[in-house]
Amino acid sequence: MLLAEQRRLLCEHGRMAVETGLVLGTSGNLSVRLGDLVAVTPGGVALDRLEPEACPVVDVGGHLVEGELQPSSETPMHLAVYAASGAAAVVHTHSTFGTVVATTMTELPPIHYNTMLLGGTVKVAEYATYGTPELAANVRAALGDRRAVLLANHGGVTLGEDLPRAFEATRLLEWLCEVYVRAKAVGEPRVLTEEQLAAVVARRALHAPAFPRREN
């Protein structure tokens, strides 16, 4: 079976996406790239019910290489992200707070320094019908060099060097969106300045300090 380990990881993280409430029903899709091949979750199947052999494999041109089920309808969007980046994994969810922000805002402002882990301010891609080349193009344009993008009136997309890191980016994106939504209920959230964000980048560029080991 082609990309056996990658397909196993899709099932593992698909279950995690359901368990953590990032997706409902058959919504959401994940993919992993290895070379010119991409393993992707199939359309119309709940992510917590997947088996590795059910995940189709396509090439970077979108042609089915192996699998009985059809790839997710959002496969063109995944392939567009791969074409525009060095990512090896993509996660797309319809998480609650991410969708709230994507439905009301044009971007998620940097209200917490961990926004920099996603590359900075998260843009909201213009709306287009799901599964269309237009949506794929809009996502690619809004993503830029960041690790996350929100989709207007739809959900969110994150990418990573592997599936665990792409999934953690999704969890972080949802947390940042939740913090923003909850903060808006209390007052107007403070947005970090470019200078403050640059200081975060500089801080992370330094090696972590070596703390002395306690002697027993």
Engineer: Applying side-chain hydrogen bond (donor to acceptor under 3.5 Å, both in side chains), name anything that partners Asp59, two or more places apart in sequence or on another chain.
Structural biologist: His63
Engineer: I need the full list of ring pair (Phe, Tyr, Trp, His ring centres under 6.0 Å) pairs touching residues 111-143, with sequence neighbours left out, sorted by first then second residue.
Structural biologist: His112-Trp175
Engineer: Within the structure provided, determine whether Pro71 and Pro42 are in side-chain contact (heavy-atom separation under 4.5 Å).
Structural biologist: no
Engineer: Mind jotting down which residue pairs meet the ring pair (Phe, Tyr, Trp, His ring centres under 6.0 Å) criterion with at least one end in residues 1-21? Sequence neighbours excluded, please.
Structural biologist: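 Passing the test, one end in residues 1-21: His13-Phe167.
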Engineer: By the salt bridge (Lys or Arg N to Asp or Glu O under 4.0 Å) test, which pairs, at least two apart or in different chains, include something from residues 172-181?
Structural biologist: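 Salt bridge (Lys or Arg N to Asp or Glu O under 4.0 Å) check on residues 172-181 returns Glu178-Arg182.
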Engineer: Show every donor-acceptor pair shorter than 3.5 Å between a side-chain atom in residues 43-54 and any protein atom, with sequence neighbours excluded, or say none if there are none.
Structural biologist:
none

Engineer: Could I get the full list of ring-ring contact (aromatic ring centres under 6.0 Å, His included) partners for His92, not counting sequence neighbours?
Structural biologist: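 So His92 forms a ring-ring contact (aromatic ring centres under 6.0 Å, His included) with His94, His154.
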Engineer: Give every residue pair that meets the salt bridge (Lys or Arg N to Asp or Glu O under 4.0 Å) criterion with at least one member in residues 143-156, sequence neighbours excluded.
Structural biologist: Arg147-Glu161
Engineer: May I have the list of side-chain donor-acceptor pairs in residues 102-110 shorter than 3.5 Å, sequence neighbours left out?
Structural biologist:
| unit_1 | atom_1 | unit_2 | atom_2 | d |
| --- | --- | --- | --- | --- |
| Thr103 | OG1 | Thr99 | O | 2.6 |
| Thr104 | OG1 | Val100 | O | 2.9 |
| Glu107 | OE1 | Lys123 | NZ | 3.1 |

Engineer: Against Cys177, only a single residue in Val101, Leu172, Thr96 fulfils side-chain contact (heavy atoms from CB on, under 4.5 Å); can you say which?
Structural biologist: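 Of the listed residues Val101, Leu172, Thr96, the side-chain contact (heavy atoms from CB on, under 4.5 Å) partner of Cys177 is Val101.
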Engineer: With a 3.5 Å distance limit and no angle check, can you tell me whether Glu134 reaches the backbone of Ala128 through a side-chain donor-acceptor pair?
Structural biologist: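 Judged by distance alone, no pair lies under 3.5 Å.
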Engineer: Can you list everything that forms a side-chain hydrogen bond (donor to acceptor under 3.5 Å, both in side chains) with Tyr82? Sequence neighbours excluded, please.
Structural biologist: Ser31
Engineer: Residues in side-chain hydrogen bond (donor to acceptor under 3.5 Å, both in side chains) with Asp162, at least two apart?
Structural biologist: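 Applying side-chain hydrogen bond (donor to acceptor under 3.5 Å, both in side chains) to Asp162 gives Arg165.
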Engineer: Can you tell me how far the CD atom of Glu74 sits from the OG atom of Ser27, to the nearest 0.5 Å?
Structural biologist: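 It comes to 11.0 Å.
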Engineer: Let me know which of Val58, Val91, Val90, Val32 forms a side-chain contact (heavy atoms from CB on, under 4.5 Å) with His78.
Structural biologist: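 Among the candidates, only Val90 passes.
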Engineer: Determine, using the 4.5 Å side-chain heavy-atom cutoff (strictly less than), whether Val191 and Val122 are members of one ILVMFWY cluster.
Structural biologist: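 Yes; Val122 is reachable from Val191 via cluster members.
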Engineer: Any salt bridge (Lys or Arg N to Asp or Glu O under 4.0 Å) involving residues 2-21? Give me the pairs, sequence neighbours left out, ordered by first then second residue.
Structural biologist: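 As it turns out, the salt bridge (Lys or Arg N to Asp or Glu O under 4.0 Å) pairs with a partner in residues 2-21, which skip direct neighbours, are Glu5-Arg8, Arg7-Glu66, Arg8-Glu12.
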Engineer: Got a sec, which pairs hit salt bridge (Lys or Arg N to Asp or Glu O under 4.0 Å) with one end in residues 186-198, sequence neighbours left out?
Structural biologist: Lys184-Glu188
